[in-house]
2 protein chains.
Amino acid sequence: MYRKIYLSCLFLFLLVSCKIKSEDTTTVNSNDSTTTVATSGDPLPSWNDGTLKSDIIAYVKKVTTKGTPDFIPVENRIATFDNDGTLWAEKPYVQELFAFYRVKKMVEANPALAQKQPFKAVVEKDKTFFEKGGDKALIELVAATHTSMTEDEFEASTKEFFAGAQYPGKNVSLKQIRYQPQLELLNYLRANGFKTFIVTGGTIELVRAISSDFYGIPKEQVVGTSFKYVFDDATNSVKRLPALDLLDDKAGKPVGIQLHIGQRPVFACGNEGGAGDLAMLRYSSGSKYPSFQMIVNHNDSIREYSYQEKDNLSLNTAAKYKYHIISIKDDWKKIFADK
Amino acid sequence: MYRKIYLSCLFLFLLVSCKIKSEDTTTVNSNDSTTTVATSGDPLPSWNDGTLKSDIIAYVKKVTTKGTPDFIPVENRIATFDNDGTLWAEKPYVQELFAFYRVKKMVEANPALAQKQPFKAVVEKDKTFFEKGGDKALIELVAATHTSMTEDEFEASTKEFFAGAQYPGKNVSLKQIRYQPQLELLNYLRANGFKTFIVTGGTIELVRAISSDFYGIPKEQVVGTSFKYVFDDATNSVKRLPALDLLDDKAGKPVGIQLHIGQRPVFACGNEGGAGDLAMLRYSSGSKYPSFQMIVNHNDSIREYSYQEKDNLSLNTAAKYKYHIISIKDDWKKIFADK
């Protein structure tokens with residue numbers, strides 16, 4: 001979230017408006033994938049047949065077959081997924097939409113805020129403020145819009161946001177920017193005894209607000225960027241302070257995993273774009289059990305987006321360590337969930 | 001763990017050796033309670049019949065009956081239990097035994113440490129050092145013995161400790177200081193769709209080392225005191241630094257709950273002794289769902305221990321807010337697990 005690419009997209013959205021290609025509207029499976037359990041037939045219908053799909057299925061079969069040296073006990077079948085760009089689209093980040101929503105609401109309630117930074121910069125679409133301020137200004141914006149309130153107040157705010165939000169350029173609900181093949185993969189893993197976690201650079205409570213409904217993942221299985229909290233006995237509430245506790249990105253991801261999960265994931269999936277997931281994949285690869293790492297390559301300018309890291313770090317690292325690469329263009333028959 | 005009572009017991013153990021009464025050896029149920037699911041008959045055989053047992057069962061029935069205003073959806077059936085003095089005995093703390101074990105191992109490997117604080121004080125049984133140093137010295141001891149190593153190394157160390165440890169005064173394994181009635185309660189709640197969590201003032205990885213085997217609770221459902229971590233890409237490992245991140249006691253418990261679980265528990269159980277669980281119980285009582293709070297009263301000097309807070313804060317608060325009190329003497333037919 002605090003990467004340069006985030007900053008760029010923030011302004012693409014703010015000042016130019018992100019160009020988003022229309023989605024493939026082919027309907028393969030209109031079931032709610034978060035509750036469907038794949039038990040027979042093709043467990044991954046939205047994945048094209050090919051090496052990657054075969055590799056995923058072979059891995060899952062291998063580690064769930066009792067009596068073999070590759071068998072992984074159920075309690076160690078931990079699967080972690082990044083969220084932005086891995087489970088749903090990230091152009092722009094939903095976190096960013098939420099921050100703007102919060103600015104709007106906060107300025108409506110207190111118009112004087114419009115004269116105060118970082119609100120002023122958002123209201124006036126002042127590109128320079130964020131360009132000059134860099135990550136610091138961006139964290140300031142998230143802190144100003146996501147903290148200094150109780151958790152109950154924040155939760156109410158996210159509910160209102162998700163109920164009404166439309167994804168820019170596409171005019172669809174935020175449920176419809178989820179990747180259908182990944183919903184099937186989450187279900188397939190769960191049907192085989194894996195516990196699925198989201199490990200996101202986004203703020204933890206924002207993702208928790210929709211994790212169950214969107215992905216079938218309970219709140220306690222979301223690991224994310226978190227602020228410091230304090231408990232107030234008088235009001236019997238937990239309040240979030242405007243101070244970062246964990247930036248759950250890059251080297252922060254194994255830290256978040258250790259804190260929240262307490263063991264290395266055996267299955268990990270991230271995406272290229274900001275090199276935010278490499279540490280998580282590397283950490284997973286150090287498991288004492290057979291492990292599986294994947295990186296989503298956003299190479300489909302027609303059906304999704306095409307964006308690559310300037311130094312190609314994620315894909316180069318994937319090649320070095322033999323991580324699997326999901327080519328959206330070639331591996332995904334259908335990209336977005338219908339509803 | 002950092003409370004005065006901890007400090008007192010540390011020295012009771014260190015210098016005087018804690019007096020521990022022998023357990024009630026009546027065998028009610030020799031099954032492994034962590035895997036037994038109570039489906040019929042008496043789900044809580046080690047609880048004496050009476051108001052409290054009836055209240056627990058009535059509450060669980062009430063909130064799991066569909067179509068009533070009291071019904072709690074499965075995803076919100078969160079139950080949190082303190083560990084020391086609530087799920088197992090705390091005279092002395094197991095955390096303390098582990099710290100001494102680590103001191104012994106570290107001094108064996110590097111005899112020069114015996115001349116360095118806080119190791120020197122432990123080796124020489126120097127009561128004054130810890131009395132003068134207070135909480136700071138104690139945190140220093142835990143930091144010196146629990147950090148500056150990788151998580152893999154720490155895990156190996158806990159395995160070795162738990163495999164050989166005997167509880168002082170009782171000469172039983174650490175599994176045998178678990179409270180049998182609580183194991184049954186954990187199972188009963190899980191059989192009714194509750195997700196059970198440990199929320200401990202102890203350090204998170206020490207409890208995670210045994211949570212599954214001792215309580216049927218997976219690592220990721222343990223919330224505890226944690227140190228700061230750092231990920232090292234070169235060695236592909238997470239290392240724990242000698243700096244506290246969260247002291248998961250008192251007002252730190254709702255903070256840990258928000259961070260790890262993300263919602264208020266509807267069922268919470270702690271114990272009197274150090275007033276460490278009051279904030280957790282209060283936080284639970286603020287749930288929008290019907291909720292249930294309990295405090296273990298250590299009032300059985302014959303079968304367990306008898307110790308009370310000087311100001312009686314926990315029991316007074318329980319009376320004020322109508323929390324349920326577990327009288328070990330009256331409510332528990334059998335106290336300790338057999339194996």
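So you know, we letter chains A, B, ... as the sequences are listed, proteins then strands, and number each from 1.
For chain A, no part of B/D232 is nearby; none of its heavy atoms comes within less than 4.5 Å. If you measure heavy-atom distances from B/Q258 to chain A, the contacts under 4.5 Å come from both the backbone and the side chain. With a 4.5 Å cut-off on non-hydrogen atoms, B/P218 touches chain A through its side chain but not through its backbone.
Heavy atoms only, all atoms of each residue included: B/A251 and A/F231 are closest at O-CB, 3.6 Å.
Separation of atoms CD (B/E75) and NZ (A/K219) is listed at 8.0 Å; rounding is to 0.5 Å.
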Please lay out, stage by stage, how A/H260 and B/E220 fare under the test side-chain contact (heavy atoms from CB on, under 4.5 Å).
CA-CA 6 Å; A/H260 288 266; B/E220 63 271 17; over 6 Å; no
Does A/L278 form a side-chain contact (heavy atoms from CB on, under 4.5 Å) with B/D233? I'd like the steps, not just the answer.
CA-CA 10 Å; A/L278 292 175; B/D233 192 80; over 6 Å; no
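Below 4.5 Å, heavy atoms of chain A meet heavy atoms from B/E151, B/D152, B/K159, all part of residues 150-161 of chain B. Identified by a heavy-atom distance below 4.5 Å to chain B, the contributing residues of residues 279-290 of chain A are A/A279, A/R282, A/Y283, A/S285, A/G286, A/K288, in residue-number order.
Of the listed residues A/R240, A/K253, A/K239, A/R264, the one with more heavy-atom pairs under 4.5 angstrom with chain B than any other is A/R264. Interface remark: of the candidates A/L259, A/V230, A/I204, A/L246, A/L259 forms the most heavy-atom pairs closer than 4.5 Å to chain B.
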